[in-house]
Amino acid sequence: MSILTWARTHSPWLIHFNAGACNACDIEVVAALTPRFDVERFGALLKGSPRHADVMVVSGSVPRKIRDRLKRIYEQMPEPKFVVAVGSCAISGGVFQDCYNVMEGVDKIIPVNAYIPGCPPKPEAILDGVVKLLMSAGY
Amino acid sequence: MKKVSVEEHTKVVEDLVKEFGEENVYNTKVPRAYRAFAHVNREKLLDVVKYLKEEHGFIHVTTISGVDMGENYEVVYHLRSEGFSFSLKVPVPKDDPKVPSIVDILNGAVLYEREVNDLLGVFPEGHPDPKRLILAYDWPEGVHPLRKEWDIQTIREKVDGKKWGKDVE
């Protein structure tokens, strides 16, 4: 493992983006950050700006009006960058499939590295997804 | 809020029918106290709303909803006065989808009429600022997603230029 990979995979800073989610996934993401589940033991830290972040955690079914903003926030993140789609909505649109204003999933807009199913997924599942993402990046 | 019997609210509706005639206000229904429905002709809508506001204190428009009934559209004005909800249903023919704007009488309708215009395409005539409210910026003119004659793939063809989704490979 190069020192660069070591440094990157041991401090994956997160940006959390709500693309039209109902807040259930957001609450579970926030729960995963608390000391009880503690995603910080892997070095993950929630950041307020996409310019500081390596991993984008997206929840929600991506409505048409959010589409361009999601793309723009993604483009503001420095390389290398990863995207985690949290919840059924972010994976495929969920129950909002076939709605006129729904783009049916984050991967229609930007490339996605990890999918976490569930409605909402448990904090343990979110932890598992983040860890699997780090493993694939060479943890 | 003082307790009002169903008779008192039936009287409000009967007053309205007496004022405007049975050909303009019809299909009235008062299922219980504090709740009433009536069909109103489009031509008399402004007079009815004004009468209700001035005579019976219906100063609050809770929301305006639009329904595609098959042979025509129906715009439903939900008015409220001291807990008494009165829904005025206005049939709108499909070949002339317009209603008079009630913004001059009840100012709270300003956003609801724009919403009905976006989603069902019933234009509020006389609205001070009838621009787009909730549809996306790149949404084409003349596509109204809540009209029943279009399914999702027809809308996607009009908006994105192609069909897509789980039914289309």
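Per chain, numbering begins at 1; letters A, B, ... match sequence-line order.
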Checklist entry - Around atom CD1 of B:Ile59, are there more than 12 heavy atoms of other residues, nucleotides or ligands at under 6.0 Å? => result no
Item to check | Atom pair CZ (A:Arg64) and CG (B:Asp160), whose distance is rounded to the nearest 0.5 Å | outcome: 4.5 Å
Checklist entry - Should A:Phe96 and B:Ile152 be regarded as members of a common hydrophobic cluster, given that ILVMFWY residues are connected when their side-chain heavy atoms come within less than 4.5 Å of each other, either directly or indirectly? => result no
Checklist entry - Is chain A contacted by the side chain of B:Ile134, its backbone, both, or neither, given a heavy-atom distance below 4.5 Å? => result backbone
Checklist entry - Does B:Leu111 share a hydrophobic cluster with B:Leu106, counting links as ILVMFWY side-chain heavy atoms below 4.5 Å and allowing steps through other members? => result yes
Next on the checklist: Around atom CZ of A:Arg41, are there more than 12 heavy atoms from other residues, nucleotides or ligands closer than 6.0 Å?
Outcome noted: yes
Checklist entry - Near A:Trp13 CH2, under 6.0 Å, is it more than 12 heavy atoms from other residues, nucleotides or ligands? => result no
Item to check | Heavy-atom side-chain contact between A:Lys108 and B:Trp164 under 4.5 Å | outcome: yes
Checklist entry - Taking side chain as C-beta onward, heavy atoms only, is B:Tyr137 less than 4.5 Å from A:Asp68? => result no
Checklist entry - What part of B:Val159 lies closer than 4.5 angstrom to a heavy atom of chain A: side chain, backbone, both or neither? => result side chain
Next on the checklist: Looking at every non-hydrogen atom in both residues, tell me the closest pair between B:Arg156 and A:Cys99 and how far apart they are.
Outcome noted: NH2-O, 4.1 Å
Checklist entry - Where does B:Asp151 contact chain A at under 4.5 Å (heavy atoms): side chain, backbone, both or neither? => result neither
Checklist entry - Can you hop from A:Leu70 to A:Val102 via hydrophobic side chains spaced under 4.5 Å? => result no
Checklist entry - Which bit of B:Trp139 comes within less than 4.5 Å of chain A, counting heavy atoms only: side chain, backbone, both or neither? => result side chain
Checklist entry - With a 4.5 Å heavy-atom cut-off, do B:Asp138 and A:Lys65 have their side chains touching? => result no
Checklist entry - Are B:Phe123 and B:Val99 connected, step by step, through hydrophobic side chains (Ile, Leu, Val, Met, Phe, Trp, Tyr) whose heavy atoms are closer than 4.5 Å? => result no
